[in-house]
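Start at 1 and go down the list; that is how both ligands and their atoms are numbered. Basis for what follows: all heavy atoms, side chains included, without hydrogens, waters or symmetry-related copies.
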Amino acid sequence: MKKKLIAGNWKMNGNLAANEALLKGLLTGVGQDACQVAVCVPSVYLAQCQTLLAGSVIELGAQDVSAHESGAYTGEIASAMLKEFGARFVIVGHSERRQYHAETDELVAAKAQRVLSSGITPIVCVGETLAEREAGKTEEVVKRQLAAVIHTNGHCISEVVVAYEPVWAIGTGLSATAEQAQQVHAVLRAQLKAATPNADRIKLLYGGSMNAANAKSLLAQPDIDGGLIGGAALKAQDFLTIIAAAS
Ligand code: PEP
């Protein structure tokens, strides 16, 4: 059976002292037999976290990346740079990037391609807004978002991780039910199956107010291979409880 992946998304939180305390708490509590675990930290803290996590089972990730390889793109960070600081994962297409930075499906797909070409695994986020869900457009939206990534990445699609994150569930405390999440995950799995014979290998994460209380039932669903965790990833005990539920 494939190991589940629990990835924390710290968003724009933390400082040198808080990062150290959080990672030390996680390192104390995480066992060698745990599921796959990653923390996606603000890029300026990659070096600090790389040092603190050296030799541990917790992997490192970033939260965004440039679609360009290098050059005159002031303020952007290249995938190869993330790689130098130990990033194994990069989140691309998080709804906060789509919403506040107008990232399109095509840009997200290009970022995923750039990340793959530097040997890092992109965690590609898809998800509908509340208005889209209420209009009965959930399937259409997530399939369109994923289709762009499949189109651009061809057979490499089997190397990505996909995170279904309903926008209305992110940071709201209002998680999708296990049934709602599984229903969308099954749609995404079917779409991936049509694109690659290796679709069963692809990890499909659920994200959106996953916490210590609801993780077990979400993670018990057949097409939910892990979680992308925001708020609960900032509290060592909560994150460890989610990791235990996935292990
Ligand atoms: C996220 O930011 O990816 C996320 C899922 O956040 P939260 O767990 O806080 O809803």
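Of all the atoms in ligand 1, the ones that sit under 4.0 Å from a non-hydrogen atom of Asn9 are 1 (C), 2 (O), 3 (O). Listed by number with element, the atoms of ligand 1 under 4.0 angstrom from any heavy atom of Gly231 are 7 (P), 8 (O), 9 (O). Atoms of ligand 1 lying under 4.0 Å from any heavy atom of Gly171, numbered from 1 in the order shown and given with element: 7 (P), 9 (O), 10 (O). Listed by number with element, the atoms of ligand 1 under 4.0 angstrom from any heavy atom of Ala169 are 10 (O). Within ligand 1, the atoms closer than 4.0 Å to a non-hydrogen atom of Gly208 are 5 (C), 10 (O), numbered from 1 in the order shown. For ligand 1, the atoms closer than 4.0 angstrom to any heavy atom of Lys11 are 1 (C), 2 (O), 6 (O).
Using 4.0 Å as the threshold, Ala232 has no heavy atom nearer than that to any atom of ligand 1. Using a non-hydrogen distance threshold of 4.0 Å, Gly173 does not register as a contact of ligand 1.
For Glu128 and Tyr164, the side-chain atoms include at least one donor-acceptor pair closer than 3.5 Å.
Minimum heavy-atom separation, Leu22 to Ala233: CD2-O, 3.7 Å. Scanning both residues, Val108 and Gly93, for their nearest heavy atoms gives CG2-CA, 3.6 Å. Nearest heavy-atom pair, Pro122 versus Leu116, reported as atom, atom and distance to 0.1 Å: CD-CD2, 3.6 Å.
Counting non-hydrogen atoms of other residues, nucleotides and ligands closer than 6.0 Å to CD of Gln183 gives a total of 12 or fewer. Counting non-hydrogen atoms of neighbouring residues, nucleotides and ligands closer than 6.0 angstrom, the NE2 atom of His151 reaches no more than 12 such neighbours.
Using a 4.0 Å cut-off between a side-chain N of Lys or Arg and a carboxylate O of Asp or Glu, Arg144 and Glu140 do not qualify as a salt bridge. A salt bridge between Lys111 and Asp64 is present, with a side-chain N of the basic residue lying under 4.0 Å from a carboxylate O of the acidic one. Ion pairing between a basic and an acidic side chain is recognised when a charged N comes within 4.0 Å of a carboxylate O; Arg189 and Asp225 show such pairing.
Residue Glu96 places no N or O, backbone or side chain, under 3.5 Å from any N or O of ligand 1. Considering backbone and side-chain N/O atoms, His94 comes within less than 3.5 Å of an N/O atom of ligand 1. Geometrically, ligand 1 and Met210 share no nitrogen or oxygen pair separated by less than 3.5 Å.
Taking atom 3 (O) of ligand 1 as the reference point, the nearest protein heavy-atom neighbour is Glu165 OE2, 2.8 Å.
At a 4.0 Å heavy-atom cut-off, ligand 1 touches Ile170 through backbone and side chain alike.
Counting only non-hydrogen atoms, the option in Ala163, Gly230, Gly127 that gets closest to atom 7 (P) of ligand 1 is Gly230.
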